Amino acid sequence: MLDVRGLDHVVLAVQDLDRAAERYEALGFSVTPRGEHPWGTANRLVQLDGFFFEILTADRPNLIADGAGKTFSFGGFNRDVLARYEGGSMLVVESRDAAKDRSDFETLALDVCEPFGFEREAVGPDGSVRKVAFDLTFVRDALSPDMMFFTCHNLYPENFWKSDYQTHANGACSVTGVVLTAAEPASHHEFLGGFSGQREMRATSLGLELETPRGQIAAVTPSAAQVLYGLQSHEQTGEGLFLQAIRVGVRDLAALCSIVEKSGIGFSEFRDTLVIQPADLFGTGLIFEQV
């Protein structure tokens with residue numbers, strides 16, 4: 001039996017990590033200190049309730065190795081993405097058991113990469129240093145060569161999640177979904193269903209909607225993204241699925257609006273939501289919703 005996996009995080013590839021963090025802070029988010037991976041990438045995070053944005057850059061090219069065959073290179077993939085565009089490079093769902101994820105994906109004949117795990121030190125709000133570690137199971141969508149997908153098993157959640165980092169001036173508290181765009185969303189239904197474990201989905205002429213235990217995965221055409229979410233499609237060079245926006249639940253939309261107005265970052269109001277366009281936020285937009 002397949003597990004239905006909730007949204008865990010997204011990887012947002014940017015050229016200038018600190019500049020991107022400043023933009024998120026201007027929108028009222030708390031952003032973690034810089035963390036570094038031994039394979040040449042660095043990140044800063046925005047933590048919500050069980051979900052986070054991983055704002056990431058490939059800043060030490062001498063440490064980045066190329067992938068080959070079933071060996072996936074996290075650093076190499078994001079380096080190559082950044083050679084073409086900024087924006088969402090990876091969609092991640094939660095894992096309880098990396099071995100079972102692998103078995104599920106192999107049963108479904110998905111393109112699974114070699115097992116990968118790592119640990120690093122993270123700095124807490126009080127300056128303390130603690131160990132975090134993750135087992136990742138990378139899986140490719142053959143029709144989306146410019147985006148990667150993986151499950152993430154957090155081995156030390158008590159060291160990773162911190163209430164100070166999950167508390168945001170803008171009232172953001174949860175993820176309500178992600179919006180992917182593709183020229184032909186229906187062609188990705190088998191992959192998305194297998195990756196998420198959610199075999200039941202709503203399919204229309206506009207695209208697909210999959211409900212997970214933490215947020216919805218929507219895959220729609222660029223024109224549908226504008227009709228349904230008010231998104232002005234930010235086209236990347238490539239093919240297949242692209243992460244156009246993250247849907248974020250906030251406690252007080254009016255208070256959020258005041259913060260965004262002061263930030264000087266462009267926004268629009270659309271069907272009881274506040275929308276930051278992908279072009280105004282390093283290639284991946286935000287849709288704020290009252291929860």
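Given the structure is predicted, the values throughout are model-derived calculations rather than measurements.
The pair R96-D101 does not meet the salt-bridge criterion, since no charged nitrogen lies less than 4.0 angstrom from a carboxylate oxygen. Salt bridge status for R199 with E190: present, with a side-chain N to carboxylate O gap under 4.0 Å. Electrostatic pairing of D80 and R84 does not count as a salt bridge here, judged by no charged N lying under 4.0 Å from a carboxylate O. A salt bridge between R271 and E289 is absent, with no side-chain N of the basic residue lying under 4.0 Å from a carboxylate O of the acidic one.
In E121, the CD atom is not crowded: 12 or fewer heavy atoms of neighbouring residues, nucleotides or ligands sit closer than 6.0 Å. For E158, the CD atom counts as densely surrounded, since its 6.0 Å shell holds more than 12 non-hydrogen atoms of other residues, nucleotides or ligands.
One N or O on the side chain of R44 and one on the backbone of T32 form a donor-acceptor pair closer than 3.5 Å. The closest donor-acceptor contact from the side chain of T57 to the backbone of Q15 lies under 3.5 Å. Between the side chain of Q216 and the main chain of L210, no donor-acceptor pair closer than 3.5 Å is present.
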Any chance you could lay out the ring pair (Phe, Tyr, Trp, His ring centres under 6.0 Å) test for F134 and F160, step after step, and finish with the verdict?
-> CA-CA 10 Å; F134 308 89; F160 180 80; 5.7 Å; yes
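Using a 4.5 Å cut-off between side-chain heavy atoms of Ile, Leu, Val, Met, Phe, Trp and Tyr, F270 falls into a hydrophobic cluster with V179, L206, V220, L228, Y229, L231, V275, I287.
Counting only residues at least two apart or on different chains, the ring pair (Phe, Tyr, Trp, His ring centres under 6.0 Å) pairs with a member in residues 191-215 are F149-F191, F149-F195, F191-F195.
Annotation for F29 and A172: closest pair CE2-CB, 3.7 Å, computed over non-hydrogen atoms.
If you take CZ on F138 and CE on M148, they are separated by 6.5 Å, rounding to the nearest 0.5 Å. We find the CG-CZ distance between L208 and R202 to be 10.5 Å, quoted to the nearest 0.5 Å.
For W161 and F51, the ring centers are positioned 6.0 Å apart or more.
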